[in-house]
Amino acid sequence: MTKDFDHIVIGAGISGLGAAHFSARRGLRTLVLEAAPRVGGCMNTHAFQGLGGFWTEAGSHTCFNSYGNLLTIMDDLGLTAQVQAKAKTKVGYRLWANGKRRSIASALHFLEAAVSLPRIFSTPKAGQRVADYYGRILGRRNYRDLLSHAFKAVICQNADDYPAEALFRSKPRRKDVIKAFTFTQGLSVIPDAIAAEERLSVRTGQTISAIVADGDGFRVIIEGSGEVTCDALTLAVPPDAAARLIPAGFDGARDAAGAIGMAEIETLTLAFRATDLTLPAMAGLIAVDDQFYSAVSRDFLPDPTYRGFAFHFRPGVLSPQEQVAHACRALGVDPARIVAQGQVHNRLPAMRAGHAGVVERIDRATANSRLAITGNWFLGVSIEDSLTRSRQESDRLFGADPTRST
Ligand SMILES: Cc1cc2nc3c(=O)[nH]c(=O)nc-3n(C[C@H](O)[C@H](O)[C@H](O)COP(=O)(O)OP(=O)(O)OC[C@H]3O[C@@H](n4cnc5c(N)ncnc54)[C@H](O)[C@@H]3O)c2cc1C
């Protein structure tokens, strides 16, 4: 029987939108179903109400010219020429420790780093915990006093047990693109442009009750709007949601996904008049044993009137009012000076060393099937790691894309 779609993708974060783009460009009838009212997931440019479009990034903030799969999508959509370089005067990160802003260098043990660094050539990364790998190549004290906090700031969770190979995977750079980039309107330009592709159907606000593997395809049952059928299905949702949705018959994949934890992050966005802040321009704060993991500023793309910040707090520690007071203390400004604020719930997977075994179990359970599973919980959490997985799964389902050379 003819199915409604050749390919259905569940989840409209960058992994799902990438998977949908890769199949749509092969000419396949593709539908994306997203639970939230907007697309983009962790790519979430937060525009403040009443500030003339001034925004700050509530999730991801930087893309690099090493993001090859992202760049091929941007090429397809005519976005590569629109990338925006970061501030000409480079703004750096600061530490927030014991109620004070400090330089990164203040926590670095230079001699220990110099003595340890040659070990990088003899220390394998694969299968190692972050604490063991980086503790060895930069020294235990450097890991304790600086790196552990920096990594925690990046993945918004304790990074000690995280798989070392999932952080900072090296990839070839594209010389024709600026090293680190964003867009004048923020990174949400990318998911929004994919979702707007004419050849794709995207439905937001969809609650999926169940997925049934049915003969040579799948039935996706959507609360309140019946069901849609497809030949091939891609799940691009966080691991806990995937474990709930993986259909019967793929039990190994369901069990493996269900065993992966999630880090919950309470993100607070704040905007101020630039003239109300004495704080020098900075990329953000790396917190040392604090109630927040990190704060990312909008100073990398300065605005003449406003400055914006996103504080990523540990969950359930401070009330919303306490978070505001704490963030303002770290910025050295009176909370009365806030001109706009917002709250966002972010989530990131909590992978553990040995994660390659989990991925193997999932891949074994889905091998030779028309079910693909992708996300930021396979190779790593970066946008490019997410898209690399989506691309691999797309090639498995539909064969190598004949129009692609990379
Ligand atoms: C604060 C923060 C800063 C970051 N900074 C960077 C950065 O600078 N550079 C970088 O490369 N990466 C960064 N990342 C990581 C990167 O943004 C994410 O890992 C990546 O965007 C994840 O994409 P995804 O599609 O795999 O998952 P998500 O973005 O989590 O998308 C999953 C989607 O599935 C939807 N969904 C969930 N359940 C269901 C369901 N049952 N049915 C339908 N839909 C469902 C969700 O609503 C969501 O839209 C950052 C992440 C965070 C949180």
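Since this is a predicted model, take the numbers as computed values, not measurements. All ligand and atom numbering here is 1-based and tracks the order in the structure. Note: hydrogens, waters and symmetry copies are ignored here, and every other heavy atom, side chains too, is used.
- Within the 4.5 Å cutoff, the side chain of F22 has no heavy atoms near those of the F398 side chain.
- Using a 4.0 Å cut-off to heavy atoms of A236, the atoms of ligand 1 that qualify are 32 (C), 34 (O).
- Atoms of ligand 1 found under 4.0 Å from any heavy atom of G375, numbered from 1 in the order shown, are 26 (O).
- Here T80 pairs with D75 under the side chain to side chain donor-acceptor pair (under 3.5 Å) rule; sequence neighbours left out.
- Which parts of ligand 1 touch N376 is read off a 4.0 Å heavy-atom cut-off, strictly below it: atoms 18 (C), 19 (O), 22 (C), 26 (O).
- Of the protein's non-hydrogen atoms, G13 CA, 3.4 Å is the one closest to atom 31 (O) of ligand 1.
- Scanning all protein heavy atoms for the shortest distance to atom 52 (C) of ligand 1 gives L348 CD1, 4.0 Å.
- Taking atom 25 (O) of ligand 1 as the reference point, the nearest protein heavy-atom neighbour is S15 N, 3.0 Å.
- Using a 4.5 Å heavy-atom threshold, the side chains of Q206 and E34 count as separate.
- Counting heavy atoms under 4.0 Å from ligand 1, residue Y67 touches it through the side chain alone.
- Of all the heavy atoms of V39, none lies under 4.0 Å from any atom of ligand 1, so neither backbone nor side chain is involved.
- A pairwise comparison of heavy atoms in F313 and Q323 identifies CZ-O, 3.5 Å as the closest pair.
- For the residue pair P163 and H355, the shortest heavy atom distance occurs at CG-CB, 3.9 Å.
- Considering backbone and side-chain atoms alike, I383 places an N or O below 3.5 Å from some N or O of ligand 1.
- Using a 4.0 Å cut-off to heavy atoms of H312, the atoms of ligand 1 that qualify are 1 (C).
- The environment of CZ in R273 is sparse: at most 12 heavy-atom neighbours from other residues, nucleotides or ligands sit within 6.0 Å.
- Contacts between C63 and ligand 1, counted as non-hydrogen atom pairs separated by less than 4.0 Å, are absent for every part of the residue.
- When only non-hydrogen protein atoms are considered, atom 43 (C) of ligand 1 lies nearest to A35 N, 3.3 Å.
- Under a 4.0 Å N-O distance rule, the pair E165/R169 does not qualify as a salt bridge.
- For R174, the CZ atom is densely surrounded, since the number of other residues' heavy atoms within 6.0 Å is greater than 12.
- No side-chain heavy atom of F64 sits less than 4.5 Å from a side-chain heavy atom of F181.
- If you check which protein heavy atom lies closest to atom 15 (C) of ligand 1, you get V381 O, 3.1 Å.
- Side-chain atoms of V220 and I10, non-hydrogen and from C-beta on, do get closer than 4.5 Å to each other.
- Taking both residues in full, the closest heavy atoms of D132 and Q128 are given as CB-OE1, 3.7 Å, listed atom of the first, atom of the second, then distance.
- For A241, every heavy-atom contact with ligand 1 shorter than 4.0 Å involves the side chain, none the backbone.
- We find the CD-OG1 distance between E57 and T269 to be 11.0 Å, quoted to the nearest 0.5 Å.
- The closest heavy-atom contact to atom 13 (C) of ligand 1, among the options S60, P37, G16, comes from S60.
- By the side chain to side chain donor-acceptor pair (under 3.5 Å) test, S188 pairs with T45, sequence neighbours left out.
- Under 4.0 Å from ligand 1, the heavy atoms of L245 that appear belong solely to its side chain.
- Under 4.0 angstrom from ligand 1, the non-hydrogen atoms of I10 all belong to its side chain.
- Looking from atom 48 (C) of ligand 1 to the surrounding protein, the closest heavy atom is E34 OE1, 3.6 Å.
- Looking at ligand 1, you won't find any N or O of Q206 less than 3.5 Å from one of its N or O atoms.
- The protein atom (non-hydrogen) at minimum distance from atom 39 (C) of ligand 1 is V237 CG1, 3.6 Å.
- For atom 29 (O) of ligand 1, the closest non-hydrogen atom on the protein side is C42 N, 2.8 Å.
- Counting heavy atoms closer than 4.0 Å to ligand 1, residue E384 contributes nothing at all.
- Nearest to atom 20 (C) of ligand 1 by heavy-atom distance, out of I14, L387, V9, is I14.
- Close approach of ligand 1 to S382 (heavy-atom distance below 4.0 Å) involves ligand atoms 11 (O), 12 (N).
- No side-chain heavy atom of T229 sits less than 4.5 Å from a side-chain heavy atom of D214.
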